[in-house]
Structure formats: C-alpha cells, structure tokens
Amino acid sequence: MQLPIVACALLCTNMALAAPGTAMRRQRAAERLAERRISRASNTLQPVEGELSASSGNDTAHVEYSSNWAGAVLIGSGYKSVTGSIVVPTPKTPSGGSSSKQYSASAWVGIDGDTCQTAILQTGVDFTVQGSKVSFDAWYEWFPDYAYDFSGISIKAGDTITMTVTASSKSAGTAVIENETTGQKVSHSFSGESDALCQTNAEWIVEDYSSGGSLVSFADFGTVQFTGASVNGGTGVSGATIIDIQQSSKVLTDCSTSGSSTVVCEYTG
C-alpha cells in the first residue's frame, strides 16, 4: 500500500522529530499491523482424515482431530454468548525449531465454525515467539473477514484475560476482551454482517491460524487453560467434543475438560 504524498510527508516529519528508536518502533508496528490486516485470519475447523486413535485427559469425551483447532466445541442450538478466561502463556520455539523463525498460536472463544461453517464470531489473543522475543495481540473477527487487532490494551505473559462474544442476532454482535490483571477492557460491535451465524457451535480453542493463505508455524504454547467457560451465561462445557491438532500424522496437543467450566490444552508436539 502506498501513502498519498502529503500523508507520507507528514508521517516522515513526525518520525524525524521523534527519537530514532521510537520512530523505528512505530514504523515496525505500523508495518506489522498492516500485514496482519491483510493476511491474518482464523479458519473454520479443518478435520483430519483418517483420525488417529489416541487417549485424552477426559475419558468420557469424544476426541476428534483437526489440522488447525484444539480445544472443546459444544454442538447444539441457540448459542448467543460464549465466555472464557485464560492466563496468557509464554510461547516457546518448538523442540527442533529454529531461533530465527517465527512461531505463533492463538487462544479464543467463539460461536460457530464447526458444524456451521458460514461464519464465526470470535475474539482472542495471539502469542508469538521468535528467538528470545515474544509478543501478544488481542483481536476480534467475524469470519470469513480477516482478524483485526484491538487498540488500547496491552498484554503480557501471566496476565489473566477474559474473552466474550455475544450475538445479538445472526448478523450482529460484540466481541469483548478484558485484561483482568491491568483493568483494561476493549470491545468491538458488528452489525449487518452478510455471512450469517447459525448459533449452533460454542468453542474454546487454541488455533494454528493462517497467514498469507497457509498455517503459521505452530508455537509451543505450554498449557492454555480456559476457566469460567460458559454459554449463554450458564451452561458450561459438559458434553463438549474434544479436538486435538494433528499435523503430518503427529498429534501436537492434548486437550480435555475438567468439571463443567474448564478446558485444558497442552502442547505435546
């Protein structure tokens, strides 16, 4: 994307007046934001053909495999609100990975995207690592549109983040993220969306999301635990289908439910 000449001149003048390090950070942030707006996207559940037989921490749950989703999905009807909280993990380079390569994962809550693949209302947090550098982004999305970053909220490893999506209709709703550690809270409202929800899936997911049309290199996220998981303000995760990520015939996660309101996913790859 090319800026108009006047806009570019003003931007360059402002950057010149700032400290060199500040200007460089602003430029990198602007470039990164532009790239995410163009290319970062979640996907609907992508099932893996020829599922493996594997055990799960939840002996009573049905386990399915996907190339991009790990977590728990409720399948029913009338799902209008989904909530869950996580403690932000510190992402790591996977065993055998390169310190010069970037690895990412995302934790989110959402409505639809499994048995209903026309749309997903979702919000969550991306965590990325490259060498010794880690970064975090809070975002919202009405799939199949791309994800957009929230502004006005900062996130670091160890923060407790509560994520909520609410569908006021099948074409409108809100996404809210609150950093319980800092007190910061951001939201986005959707309306008149052309891709309608079915309101038949409720999810708590760790995802290997897409960038530039392909899955990103999946980060070792350690453990992500969704607590306070609820649907429509009450129903929890009892009876949910458990999903684990399987890529190149290798299972990379181990997810389970605990009680009626907790989903736990561990990286095992």
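Computed from a prediction, not measured in an experiment: that's the story for all the values here.
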Examine [X] and [Y] and state if one hydrophobic cluster contains both, with Ile, Leu, Val, Met, Phe, Trp and Tyr joined whenever side-chain heavy atoms are less than 4.5 Å apart.
X: V176; Y: V125; result: no
X: V263; Y: V87; result: no
X: I155; Y: V109; result: yes
X: F127; Y: V264; result: no
X: L215; Y: I243; result: no

Rounded to the nearest 0.5 Å, what's the gap from [atom1] on [X] to [atom2] on [Y]? Could you check?
X: K80; Y: S169; atom1: NZ; atom2: OG; value: 9.5 Å
X: K156; Y: T181; atom1: NZ; atom2: OG1; value: 6.0 Å
X: S187; Y: I153; atom1: OG; atom2: CD1; value: 10.5 Å
X: F190; Y: E141; atom1: CZ; atom2: CD; value: 8.0 Å
X: E203; Y: I75; atom1: CD; atom2: CD1; value: 9.0 Å
X: S211; Y: Q102; atom1: OG; atom2: CD; value: 8.0 Å

Shortest non-hydrogen separation from [X] to [Y] and the atoms involved:
X: D126; Y: S106; result: OD1-OG, 2.6 Å
X: P89; Y: F136; result: O-CE2, 3.4 Å
X: A107; Y: I86; result: CB-CD1, 3.9 Å
X: V237; Y: S261; result: CG2-N, 4.0 Å
X: A202; Y: V82; result: CB-CG2, 3.7 Å
X: I245; Y: D208; result: CD1-N, 4.1 Å

Side-chain donor/acceptor of [X] to backbone N/O of [Y], under 3.5 Å:
X: N201; Y: T115; answer: yes
X: N179; Y: K185; answer: no
X: Q130; Y: S100; answer: yes
X: T123; Y: W139; answer: yes
X: D112; Y: C198; answer: yes

Checklist entry - Going through the distances and angles, do T268 and E266 end up as a side-chain hydrogen bond (donor to acceptor under 3.5 Å, both in side chains)? => result CA-CA 6 Å; T268 60; E266 297 181 3; over 6 Å; no

Item to check | Test log, rule side-chain contact (heavy atoms from CB on, under 4.5 Å), inputs F218 and L252 | outcome: CA-CA 9 Å; F218 198 39; L252 302 180; 3.9 Å; yes

When you compare the side chain of [Y] with that of [X], does any pair of heavy atoms fall below 4.5 Å?
X: W204; Y: T257; answer: no
X: F221; Y: T253; answer: yes
X: P94; Y: Y103; answer: yes

Checklist entry - What residue pairs, at least two apart or across chains, pass side chain to side chain donor-acceptor pair (under 3.5 Å) with a residue in residues 217-231? => result K101-S217

Item to check | Residue among F150, Y148, W142, Y140 satisfying ring-ring contact (aromatic ring centres under 6.0 Å, His included) with H188 | outcome: Y140

Next on the checklist: Walk me through whether T118 and D195 qualify under side-chain hydrogen bond (donor to acceptor under 3.5 Å, both in side chains).
Outcome noted: CA-CA 6 Å; T118 56; D195 297 283; over 6 Å; no

Next on the checklist: Any donor-acceptor pair under 3.5 Å linking the side-chain atoms of Q184 with those of S154?
Outcome noted: yes

Next on the checklist: For N232 and S81, which I'm curious about, is there any donor-acceptor pair between the side chains at under 3.5 Å?
Outcome noted: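 Their side chains do not contain a donor-acceptor pair, so the 3.5 Å distance test is not met.
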
Next on the checklist: Please evaluate residues E180 and T162 with respect to the criterion side-chain hydrogen bond (donor to acceptor under 3.5 Å, both in side chains), reporting the C-alpha separation (whole Å), side-chain torsions for both, the decisive distance (0.1 Å), and the verdict.
Outcome noted: CA-CA 7 Å; E180 307 283 359; T162 297; 2.8 Å; yes

Checklist entry - Is the gap between the ring centers of W108 and W69 under 6.0 Å? => result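 Aromatic pair counts; centres sit under 6.0 Å.
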
